[in-house]
Amino acid sequence: MADLVTENRFADPDRAFRRLIEARRGLSPETAAALDARLVLLLANHIGDDRVLEQAIHAAKAAMKAD
């Protein structure tokens with residue numbers, strides 16, 4: 001079993017961020033939220049590890065509390 005990797009793994013993190021932003025451009029808030037949900041499910045399935053998914057959920061919630 002692996003642990004959640006939080007270090008940047010993208011060769012160009014700015015490009016990755018831009019792709020995520022561009023994917024939502026022009027969508028209504030509801031449609032953008034639906035896209036986000038589908039993307040999360042696809043990536044969670046790609047990870048395929050309940051323990052890593054749980055770690056990611058906890059990390060995301062902690063980051064939201066810090067904001």
Side-chain angles (χ1 to χ4, degrees):
M1 293 229 176
D3 283 325
L4 178 66
V5 176
T6 58
E7 295 84 21
N8 176 45
R9 296 174 86 183
F10 286 100
D12 185 350
D14 290 335
R15 182 177 64 178
F17 182 75
R18 283 192 306 273
R19 284 184 174 167
L20 291 170
I21 297 303
E22 285 297 319
R24 300 172 98 249
R25 189 176 305 280
L27 302 178
S28 69
E30 295 81 14
T31 304
L35 173 67
D36 291 345
R38 286 179 175 89
L39 183 58
V40 166
L41 291 173
L42 285 167
L43 294 173
N45 183 66
H46 177 75
I47 292 166
D49 186 323
D50 279 337
R51 186 167 157 251
V52 173
L53 179 59
E54 188 66 24
Q55 291 172 2
I57 291 167
H58 285 289
K61 284 184 173 183
M64 290 177 69
K65 290 177 183 176
D67 289 342

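Everything quoted here is computed from the prediction, not taken from an experiment. Residue numbers run from 1 in the order of the sequence given.
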Main-chain N/O of D3 paired with R51 side-chain donor or acceptor, under 3.5 Å: no
Heavy-atom closest pair, residues L53 and A44: CD1-CB, 4.0 Å
Atom of Q55, atom of L4 and distance for their closest heavy-atom approach: OE1-N, 2.5 Å
Over 12 non-hydrogen atoms of neighbours within 6.0 angstrom of CG in N8: yes
Any pair counted as side-chain hydrogen bond (donor to acceptor under 3.5 Å, both in side chains), so long as it reaches residues 9-18, sequence neighbours left out: none
L35 versus A23, closest heavy-atom pair with distance: CD2-O, 3.4 Å
Distance-minimising heavy-atom pair for A33 and R24: N-NH2, 4.3 Å
Rounded distance (nearest 0.5 Å) linking atom CG of D36 with atom CG of L41: 11.0 Å
Using residues 59-67 as the side-chain source, report each donor-acceptor pair under 3.5 Å to any protein atom, sequence neighbours left out, with the distance given to one decimal.
none

